[in-house]
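Contents: one structure, followed by commentary.
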Amino acid sequence: MLFELLYTSIAPAGLSDTELLSILEKARAKNRALDITGMLVYHNREIMQILEGEELKVRGLFQTIFRDERHTSVEVFYQGNIDHRAFSEWSMAFKLLDENTVKKMLIGYENFNPAKSPISMIASSPNRGKKTFLKLRDSL
């Protein structure tokens with residue numbers, strides 16, 4: 001049985017393109033070694049990530065992330081068993097959310113609140129979170 005975990009966190013300081021690239025390169029190598037797949041979304045210091053693979057490996061990787069000082073306010077907003085991987089083609093897909101992408105994502109969003117960040121709104125609904133990841137995956 002496969003397992004997935006979706007979490008959000010906040011980077012204490014904004015990440016530069018160089019820092020994001022470095023994080024992605026390391027995450028992709030580690031995920032390949034662990035047979036973990038997933039996607040990372042970044043917007044204005046906020047991180048949202050989905051990890052999928054064998055449960056013990058996913059939980060172990062998440063504990064490493066949880067202890068990483070580049071992540072604060074780490075919150076799991078969904079975890080559970082899955083029948084198949086949604087991100088099987090990527091050790092770690094990546095999407096940097098710009099304002100146009102955010103607007104498209106939130107069109108028709110029932111609980112739209114311009115005062116809240118897009119990742120906070122998505123995280124408020126686990127079902128919406130998974131659907132958003134799949135929509136972003138399909139845009140790659």
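Sequential numbering from 1 along the given sequence is applied to the chain's residues.
One finds the CE atom of Met1 at 5.0 Å from the CG atom of Asn81 (value rounded to the nearest 0.5 Å). A distance of 10.0 Å separates NE2 in His71 from OG1 in Thr64, rounded to the nearest 0.5 Å. Atom CG of Leu40 and atom NZ of Lys95 lie 12.5 Å apart (nearest 0.5 Å). In this structure, CE on Met48 lies 8.5 Å from CE on Met39, to the nearest 0.5 angstrom. With rounding to the nearest 0.5 Å, the separation of CD1 in Ile47 from OH in Tyr7 is 6.0 Å. The CG atom of Asp83 lies 10.0 Å from the CD atom of Glu4; values are rounded to the nearest 0.5 Å.
Neither Leu34 nor Leu2 shares a network with the other; the hydrophobic side chains, linked directly or stepwise wherever heavy atoms of I, L, V, M, F, W or Y lie under 4.5 Å apart, form separate groups for each. Phe77 and Ile82 are assigned to two separate hydrophobic clusters, defined by single-linkage of ILVMFWY side chains at heavy-atom distances under 4.5 Å. A continuous path of ILVMFWY side-chain contacts below 4.5 Å connects Phe66 to Leu51, so both sit in one hydrophobic cluster.
Closest heavy-atom contact between Tyr42 and Asn44: CE2-N, 4.2 Å.
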Exercise for the section: Could you give me the CA-CA distance, side-chain angles and deciding distance for Arg28 and Phe94, then say whether side chain to side chain contact (heavy atoms under 4.5 Å, CB included) is met? Expected result: CA-CA 10 Å; Arg28 287 172 174 155; Phe94 174 70; 3.9 Å; yes

Practice task
Would you check, one step at a time, whether the test side chain to side chain contact (heavy atoms under 4.5 Å, CB included) holds for Met92 with Ile23?
Solution key: CA-CA 10 Å; Met92 184 54 54; Ile23 290 169; over 6 Å; no

Handout entry: Pair Glu55-Arg59, side chain to side chain contact (heavy atoms under 4.5 Å, CB included): steps then yes or no
Key = CA-CA 6 Å; Glu55 183 173 356; Arg59 288 188 184 279; 2.8 Å; yes

Exercise for the section: Would you check, one step at a time, whether the test side chain to side chain contact (heavy atoms under 4.5 Å, CB included) holds for Tyr78 with Ile50? Expected result: CA-CA 9 Å; Tyr78 173 78; Ile50 184 169; over 6 Å; no

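In this structure, the side chain of Arg45 does not engage the main chain of Ile10 through any donor-acceptor pair within 3.5 Å.
Heavy atoms of other residues, nucleotides or ligands lying less than 6.0 angstrom from CD of Glu75 number 12 at most.
Two residues are said to be in side-chain contact when any heavy atoms from C-beta on lie closer than 4.5 Å; Asn31 and Leu61 meet this criterion.
Glu52 and Thr37 share a donor-acceptor pair across their side chains, judged by distance under 3.5 Å alone.
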